[in-house]
**Q** 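Starting off with a structure, shown below.
Residue numbers begin at 1 in each chain, while the letters A, B, ... track the order of the sequences.
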Amino acid sequence: MPEVDFFFQALTDMFTPTHLFFLVLGTMLGLVVGILPGLGGIAGLSIILPFIFGMEESHALSMMIGLLAPTTTSDTFPSVLMGIPGTAGSQATVVDGFPLSKRGEGARALGAAFTASLFGGLFGAMVLTGAIFAARPIILAMGFGEQLLLIVLALSMIGMLTGTSALKGLATCTFGLLLGSIGAAPATGEFRMTMGSIYLSEGIPIVIVGLGMFALPEIVDLLRRGTAISETGKLGKGWFQGFQDAFRNKWIVLRCAVIGCVVGALPGLGGSVVDWIAYGHVVQTTKDREGFGKGDIRGVLAPEAANNAKEGGALIPTLLFGIPGSGSMAILLGGFILVGVEPGITMITEHLNLTFVMIWSLALANVIGAGLCLALANYVALLTTIRYALLAPFMIMLIFFAAFQATRDWQDLIALLVMGTLGCFMKRFGWSRPALLIGYFLAPRLEPKIYQAAQVYGWSFFERPIVIVLLILTILSIYSAWRFSPNRGKTYEQEGPHGFGNKRPQLVFAGAVVAFAVFALIDSFQYHPRGAVFPMTVSIISLALSIPLVISIIRQKAANAVLYDNERGLAAEHNEYHYLGWIVGMLAIVALVGFPIGCALFIFIFITKKADGSMLRNAALGIAGVSFLGIMSHFLTLRYPPGLLQTVVDMPWWLGG
Amino acid sequence: MFKKTTLGGVAGAFAIAGAAIGMTAVSAQDAVAADFSGKRITVIVPFNEGGGTDSYTRFMQPYFQKYLPGNPRILVVNKPGAGGILGGNFFQQRAKPDGETVFALSTSTISNFALGDPRVKFKLNEFIPVILSPRGITQYVRKDLGIQDEKTIKAKIEKMRSFTPDELIFGGKTPTSGGLNLRVALSMLGIEVKSVWGMKGNGPMALAFERGEFTVNYDNTLSFKNNRKKLIADGIAIPLYTLGVVNEDGTIVRDPALPNVPHFMEVYEAVNGKKPDGDAFEAWYSLYQMSVTMSKSWNLPAGTPKDIVEAYRTAAKKMLEDPDFIAKRDKMFGPYPQTIGDGAFAIRDAATTLSPNAKKWLGNYVQARYGVTLGK
């Protein structure tokens, strides 16, 4: 049994000091980039690529895998504690993780998340071990038709994430699909809805949509509440309780790990929605759904088990076919080429030893990563007890910096501001942000697959067995969304956010959504049929959903699901425009003096105005924040957005030149 | 009131400190030429991390760090978007001719420039190439078509012509993306294929080919040999022809990476009894220069002083002689000769300009077949 020999040989190799050193180094870096919002495996891998060159193959591979594995573990810190997804893989974790933090149970949520992550990661590594020999025919069975249905199935998960009004949720989804079709049409390359902007010709970067939907609205909301994140000001019981939660719900963790592996491995979906699929699944399959969205620990376990298991899954097509399952896998492939390993069938014929090194690295990195995160959980959770006005300017600086890394263009910052404003109002009026995000993410995958399946198979694709199975699953998923909706037959109190009152603000917002669909529809008339049919169809569906919604809002005379305005019952000193105004102000300073100086000033002014304290301390905080960014940029070889000053005076890079 | 003044004061202090540091940086800059000691050189890659141009750039990065005078630190900055146009515009606008900014170029950026994409704001035909790296392309088909049973090149092509477009399914990104020259070549041979658009790259296309959904496909020859080993070993992928490479006296010869496979010109001659000519050929030849001869390159901005250009060329030459590079070059550079020096200008000009007739022909071609209009 030579395979088994290789398997254990690789394990023994792992425990040589140099190997462990590179693995741990990679893991540490992975933990850091995972914690920083908006940066993930892609940023991490591009830091180490220059050093990979010339390294011994197995060292380089364990370092790269070591880096990738824990990013979806440590990204839970900002998701749970700040409500800001650390990477795209932990967006769903925010939904229940953050309310837990607000309740003062941040450490428990982290404990549960890390335990689930650890299990997911190990499960992924285990599946990879077997799949490397057996998965080839399965992946080859997934043709265009199967991939199309897989995307449709994922889209049906939105049924569980619509919020209180199904009509509103579905309208949001079509809005997301339209946003996702901005830019070059996949089949013709025509530029849709770009209004002549070159920036938009590639669509809005996914990182920016994610940060805009989840990070900025949370920051603004917390600032308005004016407290620490933990409303009790306490930490509650520590991570050990979360550890126990994971064990109590072991079947959920296992099921979601399976989902993560499968979604990661199969072509067509891309890993970024795996957390939402797992989340939708757990809501679908549990009986007491009342607590979801308000801090149900199962809503943390599901996405965390899935997003770590995904890595093992995504390595299957990467290693077997040399075809990356995700963005970070694409860079991993780049790294393979630099060390001279060609992925493909040779990974099980010639390079089996390296394959096993990677599998062991994946497992070990998960153990090290989760272990370190667990050890730190109680301390990092202390952040939630700090007054938020002290944290907010740093968070704002970080997410704008992360947004800038999307295309390194000033318009990234503008795009984040626009998306963030949209997110704020969606949050306020109860439009499901996950539904928008999933629609946005799946649109550019759905559209080409429709053409491809139609062109290659015509109607005959409905005769394919896997297509039929996926179709039945989709119908079941839609049925259960309708049948088991947590909001079915629910009534609403006049006192709550669903109450009857001033409807003008939400009507304006709903009107804007209708207007966008009209714009998309008119815009679509000018293109080649292959470029027009998708936005045209979606915008008509969008209008068919949002116009009745507007009418329904107008006609309601009492509390109802379609009426939602979070402003009712929220006593805050300032409205959202106040803090959005602060952010615009920061961008204005940055535009004048560049990012580092502008942010230092912003931190100083913000803390002085909003939290007081000695001005000397605040200036020090400003400089410290920017220095931290500078050190990070140095090691990550990242750049800053320049300001007007930089065009006049030549400055070194760390001042934005 | 007091508070405001202080705020202003601090702001001023920040600004002055910034300006002062900036000044010293400026004076240090113009001290010496063609010595990069202590400098940070930025290579702009207008594509994502992990892509072909990114790997190409990161592969060369350590050698240029080693061989450029003063051993500068070289950073790779990815500025993806719009098929390299965003990065190109950025480079045109920002890069000073001081050798501290380099632009990595690949086929799709050149073709966006040459085909007149209205978003292009850079003058590619003025960039100064440092190193040009050609890469062959191989067109292959599935064994189910049975062309392997035909003995002569002519018979193989006749067989290909006998299929309906529904049997010859050929994927691609968009009508005007990288595969256009292969479609034109097939048309010149009288082979009609059905194009399926919206593919995300050559990886997914090869997978669809392996599944049998596509029956016609292409790859750059190196990745065909290295990444499609199983397809070749199982006899699923049958090479039809390569596009060949241009040798020193400007004629197209067989691809040195697949010397047993005939090149397109050979095939055309075998089928038609004469060399291809006319507007169609001219259009094809321009597309060919873009995708094969100038497949990947590093470029300096227009107006870069001669000593800096020479420093880069010398570094590139030293890289080619580096034993470590020689040991590793096969997977990235293959057996293809690299162009460094003034010879690169002629190739650049050929690849970046499309004669009016050729452009008109190509415009009609994509309009008639795919309903897509080319830029001006």
**Q** Given heavy-atom pairs under 4.5 angstrom as the criterion, report whether the side chain, backbone, both or neither of F336(A) touches chain B.
**A** neither
**Q** Nearest 0.5 Å please: distance from the NE2 atom of H528(A) over to the CD atom of Q367(B).
**A** 8.5 Å
**Q** Chain A: which of P175(B), S223(B), G172(B) shares the most heavy-atom pairs with it under 4.5 Å?
**A** P175(B)
**Q** So which atom in A406(A) and which in P80(B) form the shortest heavy-atom distance, rounded to 0.1 Å?
**A** O-CG, 4.1 Å
**Q** Which members of residues 84-94 of chain B, sorted by number, sit under 4.5 angstrom from chain A on a heavy-atom basis?
**A** L86(B), N89(B), R94(B)
**Q** Where on Y457(A) is there a heavy atom nearer than 4.5 Å to chain B: the side chain, the backbone, both, or neither?
**A** side chain
**Q** How far apart are the closest heavy atoms of N78(B) and R408(A), and which atoms are they?
**A** O-NH1, 2.5 Å
**Q** Using 4.0 Å as the upper bound for N to carboxylate O, is an ion pair formed by E202(A) and R119(B)?
**A** no
**Q** Using modelled atom types only, decide if a donor and an acceptor are shared between the side chain of E190(A) and the backbone of V372(B) within a distance under 3.5 Å.
**A** no
**Q** What part of L140(A) lies closer than 4.5 angstrom to a heavy atom of chain B: side chain, backbone, both or neither?
**A** both
**Q** Over all heavy atoms of both residues, which pair between A208(B) and F144(A) is shortest? Give the atoms and the distance, please.
**A** CB-CZ, 3.7 Å
**Q** Please classify the contact between S195(B) and chain A as side chain, backbone, both or neither, with a heavy-atom cut-off of under 4.5 Å.
**A** backbone
**Q** Using a cut-off of under 4.5 Å for heavy-atom pairs, which of G189(A), G143(A), P444(A), P529(A) has the most such pairs with chain B?
**A** G143(A)
**Q** Report yes or no: is the cationic atom of R530(A) (NZ for Lys, CZ for Arg) under 6.0 Å from the centre of the six-membered ring of Y370(B), at an angle within 45° of the ring normal?
**A** no
**Q** Can you list everything that forms a side-chain contact (heavy atoms from CB on, under 4.5 Å) with D234(B)? Sequence neighbours excluded, please.
**A** K230(B), I236(B)
**Q** Just so I understand: if I count every heavy-atom pair under 4.5 Å between each of K200(B), M199(B), M332(B), K121(B) and chain A, which residue has the most?
**A** M199(B)
**Q** Go through V456(A) and K194(B) one step at a time and tell me if the side-chain contact (heavy atoms from CB on, under 4.5 Å) criterion holds.
**A** CA-CA 9 Å; V456(A) 174; K194(B) 174 167 167 180; over 6 Å; no
**Q** CD1 of I331(A) to CZ of R58(B): how many Å apart, nearest 0.5 Å?
**A** 7.5 Å
**Q** Quick check on A185(A) against chain B: is it the side chain, the backbone, both or neither that has a heavy atom closer than 4.5 Å?
**A** backbone
**Q** Can you tell me how far CD of Q147(A) sits from CG of L207(B), rounded to the nearest 0.5 angstrom?
**A** 7.5 Å
**Q** Only pairs of heavy atoms separated by less than 4.5 Å count here; which of N48(B), V196(B), N202(B), N227(B) has the most with chain A?
**A** V196(B)
**Q** Can you give me the closest heavy-atom contact between P448(A) and G198(B), atom names plus distance?
**A** CB-O, 3.5 Å
